[in-house]
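Have a look at the structure below, then the notes.
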2 protein chains.
Amino acid sequence: MMVAHGVNLTKQRRIIADVLFERNQHVTADQLFDLVKQTGSRVSKATVYNTLGLFARKGLVREIFIDASRTFYDSNNSHHHHFYNVDTGDLIDIKDRLAAHFIEQDLPEGTSMDVVDLVVRVRNIKS
Amino acid sequence: MMVAHGVNLTKQRRIIADVLFERNQHVTADQLFDLVKQTGSRVSKATVYNTLGLFARKGLVREIFIDASRTFYDSNNSHHHHFYNVDTGDLIDIKDRLAAHFIEQDLPEGTSMDVVDLVVRVRNIKS
DNA sequence: GCTGTTGCTTAGAATAGTTCTAAAAATAAT
DNA sequence: ATTATTTTTAGAACTATTCTAAGCAACAGC
Ligand SMILES: [Mn+2]
Ligand SMILES: [Mn+2]
Ligand SMILES: [Zn+2]
Ligand SMILES: [Zn+2]
């Protein structure tokens with residue numbers, strides 16, 4: 001899978017990928033560093049940052065920017081969106097259905113909608 | 001307008017608001033600090049940060065998180081979204097029409113779509 | 001075996017946007 | 001006028017992330 005995306009499979013990247021892709025999750029670099037530590041393996045924090053950056057560039061994970069203070073990485077790289085609870089910090093998947101009223105019907109229990117932020121990322125067409 | 005939103009109108013906030021709301025724009029705190037300086041007025045950087053935070057809490061501006069390294073503030077607080085060009089850094093408004101194929105038709109000249117990131121911010125219903 | 005080359009990992013330093021602190025200044029209340 | 005409250009300010013502190021430069025692993029050609 002990683003080799004298919006043009007990523008050299010090193011020992012550390014293997015360890016990181018095992019923990020990261022074990023399940024669909026949203027983690028910061030620091031959280032992932034701790035998760036790796038909990039398995040007993042030792043990988044430096046710099047390598048966790050480097051590897052997440054590499055995985056993101058290669059399309060293996062998605063970066064999520066919901067607040068300026070930290071970047072989340074989403075091990076589920078299929079096309080989907082998120083509910084973010086500003087009170088609890090919960091980050092919950094929304095399946096890819098864009099209609100606004102549809103989203104409203106699916107709000108997490110006990111929450112009300114605040115703001116819908118949509119960013120369409122584009123790139124210059126290489127000439 | 002600001003008084004209506006429960007913001008005390010001080011001299012510095014007035015200066016900042018004049019520059020910020022002069023037109024629809026997307027600025028970082030630092031950019032706004034420079035814009036204020038260019039008018040000849042003197043407001044500290046701390047006050048620019050404090051004021052933007054206050055305006056955001058009061059709903060006068062919208063925070064936009066498109067990359068982890070800086071927060072943009074949108075002087076257009078009407079409900080809309082954005083095209084972000086990852087190559088140029090351009091941030092362009094999208095009128096509030098959510099259909100995905102509609103967005104594709106409106107891509108900025110010379111760009112191709114990369115990723116659509118949608119974050120629905122919710123809050124706990126106060127009980 | 002060695003030897004060079006390349007890519008990867010690492011600890012710690014540096015960076016930079018943002019927040020915090022504590023004191024002065026402005027404003028409001030009594 | 002005196003006191004209380006709010007705001008501004010400079011600079012220090014904070015913190016997520018990136019950078020640096022040295023060491024290490026993998027590999028190829030001898
Ligand atoms: Mn997810
Ligand atoms: Mn705008
Ligand atoms: Zn997700
Ligand atoms: Zn906008």
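B:H80 and B:H26 have tilted rings, their planes meeting at an angle from 30° to 60° on a 0 to 90° scale.
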message: For a quick check, with a 4.0 angstrom heavy-atom cut-off, what is the B/S/- contact string for nucleotides 7-24 of chain D, read 5' to 3'?
response: SSBB-----SBB------
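With rounding to whole Å, A:L9 atom CG is found 17 Å from D:dA25 atom P. Between A:L54 atom CG and C:dG7 atom P the separation is 13 Å, expressed in whole Å. Atom CD1 in A:I16 sits about 12 Å away from atom C1' in C:dT10, given to the nearest Å.
Without hydrogens or angle criteria, B:S75 side chain to B:Q25 main chain gives a donor-acceptor distance under 3.5 Å. Side-chain atoms of B:D87 come within 3.5 Å of backbone N or O of A:N124 as a donor-acceptor pair.
Atom CG of B:D74 is separated from atom CG of B:N24 by 7.0 Å, given to the nearest 0.5 angstrom.
Evaluation of the side-chain hydrogen bond (donor to acceptor under 3.5 Å, both in side chains) rule for B:D117 yields A:R62, A:R121 as partners, not counting sequence neighbours.
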